[in-house]
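To start, the structure under review is shown below, and the notes come after it.
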Amino acid sequence: MVNVKKYARVSERYTTKGISARTRIVAPKQRGPLYSRATFFERNCPLQFEPRDQFEQRQKKLEQIQALGHAAYPHEFRWTHTPAAIVAEFGKAEAAELEAKKVEVRTAGRIVSYRLMGKAGFVHLQGSGARIQIYVRKDVVGEAGFALFHLLDMGDSVGVRGHLFRTKTNELSVWVEELTFLSKAFLPLPEKWHGLADVEIRYRQRYLDLIANEKSREVFVTRARITQELRKFFDARGYIEVETPMMHPVVGGAAARPFVTHHNTLDIDLFMRIAPELYLKRLTVGGFDRVYEINRNFRNEGISTQHNPEFTMLEFYEAYSNYRDLMDLNEELFAELAKKVTGSTVVKYGELELNFGKMERLSMREAIIKYWPAEAGAAPTAEELAAVGGPTRIGERYNAWAKPAGAPYAAAKGVLSAGQWIGLLFETFAEAKLVQPTILYDFPTDISPLSKQKPDDPTLTERFEIYVAGMEVANGFSELNDPAEQERRFLAQIAQGGDEVPKQLDVDYIRALAHGMPPTAGEGIGIDRLTMLLTDSQSIRDVILFPQLRPIAGGAEESPNSAETA
RNA sequence: AGGGGCGUAGCUCAGUGGUAGAGCAGAGGCCUUUUAAGCCUAAGGUCGUGGGUUCGAUCCCCACCGCCCCUACCA
């Protein structure tokens, strides 16, 4: 709980009532102890943030800046160079050259270091992802300009006009002739050389993370480049990008628990989508032969370093192709993407070096044979895995060893079909072994309700997944386009029951298939995980700007009247 | 959900069963080429919360809360 009495006492000392209405700030709610309501005498800035002493102090400084004749919140600053542009253009220019040219620049940024030395001072401005030092002298900017300089704090935004030079220590700097106040920071920046280390604040107040941690900024710039390159890749191949509904009357397209929401006027429950798949395939029926969507999916499941309740997926569909065509396309896509984004097809990921230049291909049955633990006895053969009742026997044989040995146990929920056993065995001991980019193909039909069966073996489908660093990053298949078979599989799923399975038949999807869908291959790629791999991030929260976190206990619900009623 | 770790000044961290420590940030002063600028002064803490043991708890014990990691479901 907020210590109301303490704040009330402080408030009497530092009243902010002289500040004009225009200086009000609108700020996000924070955890309880970090903010409170102003007292009756401080209506101009109703929310008070911690640290209070600086919050008050800096508001007073803004008043003084206004008293010097500056606007509290100027509307623009015309610049000629961003800090990054100065560094890029003149980073190598020598002192004599700069002196001769006397390059005039106007640039702006946020103050990230501030060193005042009597009648002069040095400041670093951060903007456009770079830093440029500025040098402010009293005898150059004048009495009024230097008074303004005195009232600046770390975190403030300023603009400067001046020329470039190099200091004694040879740092490229702006010799400031005119200083323009742009915006006041009432709250301090994160600590200056440890930066912002508190991961919770990094996620909750991402803006601070982006200011303080260059690595974090780079991750999100890279993320933007990834989606940009993906769009280029598909656009160049004749695809069109679409947006399909995020609110679905019937869940489908994946096995996952949905979020439920409600539409008031229609008075119906809607499901936040768990996959765009069924809508995108309706579009291939409609004649969009090559179509993709990059957007959010929502799954009401666990949160972990690899799972966020909302995550971004690229899904794409290509008519007249099959899953082999997609495998080839993926090899090209991953290699090209890695190269364009990181500069190399070999990418560092933690302790690993991932080679996107080449993808191993392995069928699911081969993976089980290959990664079968040697201690568990002789590995099963391909014939055993294909035999009637084979997978069940193999699963029981594995578990008979795993349980006493303390190895990962293949915990079957209820009675599993042969295909379910294959999938379970793969996940139990093989999946985590797929470190280098691997295309794992030929999934059992039982666990692939939307994939087309193999012509020579109806127990298997033409489906593959891509694994990297033990993580599933993509899932694609030759799309099942036989409406009768699709209906049979949906009904089998519904009969199977369980939270993760659709409970309702998507009749319109079957009808769409009944209008005839060309042979089509489709795939989904997890953009968050892909970004993790290409930015060397170990947690999905490091690649999602505002990851879902547990709400702050008490804080957000703090009574607006608590200070007044205390 | 189960197991492990962490929680001390605004930040990063020391520390002790007997009145709480540093650096940085913030305030005041000096300083016209600094860059972790420097020097001087003062200020800043319900040691996560609640119980218990004790003459006395920030420290020991218990519970709870929050965050992180691992495992389970999942992409």
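Residue numbers begin at 1 in each chain, while the letters A, B, ... track the order of the sequences. All values below come from the heavy atoms of this structure, side chains included, with hydrogens, waters and symmetry mates left out.
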Legend entry - Contact under 4.0 Å: A/Arg115 side-chain N or O vs B/U34 OP1/OP2: no
Legend entry - Base of B/U33 paired with side chain of A/Glu171 (donor-acceptor, under 3.5 Å): no
Inset, instruction - Rounded to whole angstrom, note down the P distance from B/G3 over to B/A72. - result: 16 Å
Inset, instruction - Name the nucleic acid region contacted by A/Phe165, choosing base, sugar-phosphate or nothing; use a 4.0 angstrom heavy-atom cut-off, strictly under. - result: base
Legend entry - Whole-Å C1' distance, B/G23 and B/G44: 15 Å
Legend entry - With A/Lys184 via salt bridge (charged side-chain N to carboxylate O under 4.0 Å, His left out) - residues at least two apart: A/Asp153, A/Asp156
Inset, instruction - Under the side chain to side chain donor-acceptor pair (under 3.5 Å) rule, collect the residues that match up with A/Gln126, sequence neighbours excluded. - result: A/Arg131
Inset, instruction - Could you tell me whether A/Asn170 contacts a base, only the sugar-phosphate backbone, or nothing, with contacts defined as non-hydrogen atoms closer than 4.0 Å? - result: nothing
Legend entry - First encountered from the 5' end of RNA chain B, between A/Ala255 and A/Pro408: A/Pro408
Inset, instruction - Describe the nucleic acid contact of A/Arg541 in one word from base, sugar-phosphate, nothing, applying a heavy-atom distance below 4.0 Å. - result: sugar-phosphate
Inset, instruction - Identify the nucleotide, in any strand shown, that forms a Watson-Crick or G-U wobble pair with B/C67, with both distances under 3.5 Å; if there is none, say none. - result: B/G5
Legend entry - With sequence neighbours excluded, residues passing side chain to side chain donor-acceptor pair (under 3.5 Å) with A/Glu178: A/Arg161
Which donor-acceptor pairs under 3.5 Å do side chains of residues 470-478 of chain A form with protein atoms, sequence neighbours excluded?
from	atom 1	to	atom 2	distance (Å)
A/Asn475	OD1	A/Arg463	NE	3.1
A/Ser478	OG	A/Tyr323	N	3.0
A/Ser478	OG	A/Glu462	OE1	2.5

Inset, instruction - With sequence neighbours left out, write down each residue that passes side chain to side chain donor-acceptor pair (under 3.5 Å) with A/Ser417, or none if nothing qualifies. - result: A/Gln420, A/Asp446
Legend entry - Side-chain H-bond candidate by donor/acceptor type, A/Glu315 with A/Tyr317, under 3.5 Å: yes
Legend entry - Distance, C1' atom - from B/C59 to B/U8, rounded to whole angstrom: 11 Å
Inset, instruction - Please determine, by modelled atom types, if A/Thr244 and A/Glu293 share a side-chain donor-acceptor pair under 3.5 angstrom. - result: yes
Below 3.5 Å between N/O atoms, which protein atoms pair up with nucleotides 29-32 of chain B? Just atom names and distances, please.
from	atom 1	to	atom 2	distance (Å)
B/C31	N3	A/Gly118	N	3.2
B/C31	N4	A/Gly118	N	3.4
B/U32	OP2	A/Lys119	N	3.2
B/U32	O2	A/Arg137	NE	3.0
B/U32	O2	A/Arg137	NH1	2.9
B/U32	O2	A/Arg137	NH2	2.8
B/U32	N3	A/Asp139	OD2	3.2

Legend entry - Distance below 4.0 Å between A/Thr305 side-chain N/O and B/C70 OP1 or OP2: yes
Inset, instruction - Pick the P atom in B/C47 and in B/C11, then give their distance to the nearest Å. - result: 15 Å
